[in-house]
Amino acid sequence: MNNFDCLFAEKPVFEQAQFVKGIYPAAKGEKDVFVKNEGAESDKGSFVMPVHCRSLFVTKFEQKPAFLRTALCDIDPRTLKEGEGVACKWQEHLQYFEGEAEGECVDFLCAPTKMDQYLIIYTGSEDSFFIGENPVWLGHDTEDCWYTPAVAGDLNGGEGSFGNWEWSADQLYENLYEPLRNKYPEYISRTWIGKDQTNTYDMWQYTFEPKDYEQTLYLTACLHGPEIDGYYGLTQFLHQLTEEDGSHPGMHYVREKVRLIVVPVVNVYSAATNHERRNSAGVDLNRDWLAHSQAETINVLRQIHLFKDEIAAIIDFHGCRPTTAPLYYQFSMQSTNSNVCRKVANHIQQRLYDMGREKGEPILTDIPGKYNKSNLFLQGYCYNTFNIPTLVAEHNPGRWYEEHSAESLQWATECYGNLIIQHALAKLKTK
Ligand SMILES: [Zn+2]
């Protein structure tokens with residue numbers, strides 16, 4: 001079902017030393033109790049393993065276990081004394097991960113969020129299963145061509161603003177894309193790719209094409225209407241890229257050698273009306289890729305299909321709203337942009353430390369993210385269907401800044417600019 005062989009070093013789990021006897025799993029919503037032997041529901045099938053932050057663990061069972069509970073725990077249950085138990089509210093001490101059932105097989109993915117946690121798997125039997133580890137953390141931040149833009153206006157539509165967050169896609173194009181295209185007609189062109197699901201709003205694709213380009217990146221944004229600072233961050237980066245002066249080698253390389261094909265706003269209905277997450281039909285456009293039931297999805301898919309042999313990678317920009325995580329990347333672990341995504345994640349996390357925005361243990365959650373069922377999503381569908389490395393990237397300056405402020409936009413520009421530059425420098429596919 002999943003080909004992770006190249007990325008996950010797999011080993012069978014059968015050694016008795018790895019099993020802890022006596023985890024008592026309570027019903028959902030109640031407290032789980034870890035008990036050493038006495039009082040436990042079962043004396044077999046409880047596996048525990050110390051896990052390292054920023055590694056991903058995939059667990060595979062040959063057969064669906066009769067009973068499966070998984071948890072991450074801050075304590076090592078093996079340190080409990082005979083008869084001793086510890087009750088944990090799962091919100092405090094445990095993090096469960098969705099198991100995926102396909103036929104007789106159950107796999108699940110686990111991404112620890114803190115140092116020194118313990119992965120606990122309770123199956124109720126001592127049958128062997130497999131666990132594989134894939135380190136996410138590459139080590140230290142590198143000094144490779146990182147881009148740190150200056151602050152350049154907010155989105156409140158006043159004097160000195162970069163733009164206005166309330167603009168429809170048409171207004172965004174009229175105010176920010178068309179003036180740039182008129183100034184650099186040899187570099188920027190645009191193509192009409194269709195109407196939205198209501199057959200009312202136009203969808204445009206902008207192409208930034210250097211004369212001697214050697215590779216192509218496909219960029220999309222605003223699948224979700226409220227994630228406004230994300231697509232304006234992409235817009236601000238495209239402005240800075242177009243006007244770059246050769247002083248930043250990464251920017252200069254992209255400007256001279258990389259064709260960017262961009263759909264700045266996919267959910268044009270939302271941008272023109274209510275800035276809601278879904279489109280006019282109430283469909284979440286980043287759950288529509290397998291079905292491609294909506295005009296917006298079909299219009300973009302048609303373009304990706306057209307360029308599929310040339311596209312080195314697809315990056316879809318989301319986020320920029322306060323959530324639980326400062327950054328959230330979803331990509332196919334086995335795809336060739338996997339290392340690029342991790343490298344940028346490391347850098348961004350280091351920047352957050354350096355700027356004092358995040359402290360203590362890393363909370364770089366859910367990298368890489370989606371596992372099975374990923375065909376609903378752009379990132380899974382495009383990788384699985386076209387074999388194109390795809391990333392959905394979310395950053396959340398709303399954790400530290402007011403939404404639509406100049407600082408929020410600056411941070412989005414930095415995050416998304418570095419993803420574009422690093423994908424380009426990796427030269428995943430050149431002509
Ligand atoms: Zn989103």
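Atoms within a ligand are numbered from 1 in the order they appear, just like the ligands themselves. Heavy-atom basis, side chains included; hydrogens, waters and symmetry copies ignored.
Residue-level check: among N/O/S atoms of E227, OE1 sits closest to the Zn ion (ligand 1). Residue-level check: among N/O/S atoms of H224, ND1 sits closest to the Zn ion (ligand 1). Between the Zn ion (ligand 1) and the N, O or S atoms of H318, the shortest distance is to ND1.
One side chain, D316 or T220, offers a donor N or O that lies under 3.5 Å from an acceptor on the other. A donor-acceptor contact under 3.5 angstrom links the side chains of Y184 and E243, judged on distance only. Between the side chains of E178 and Y206, at least one donor N or O lies within less than 3.5 Å of an accepting N or O.
The pair K431-E310 fails the salt-bridge criterion, with no side-chain N (NZ, NE, NH1 or NH2) lying under 4.0 Å from an Asp/Glu carboxylate O.
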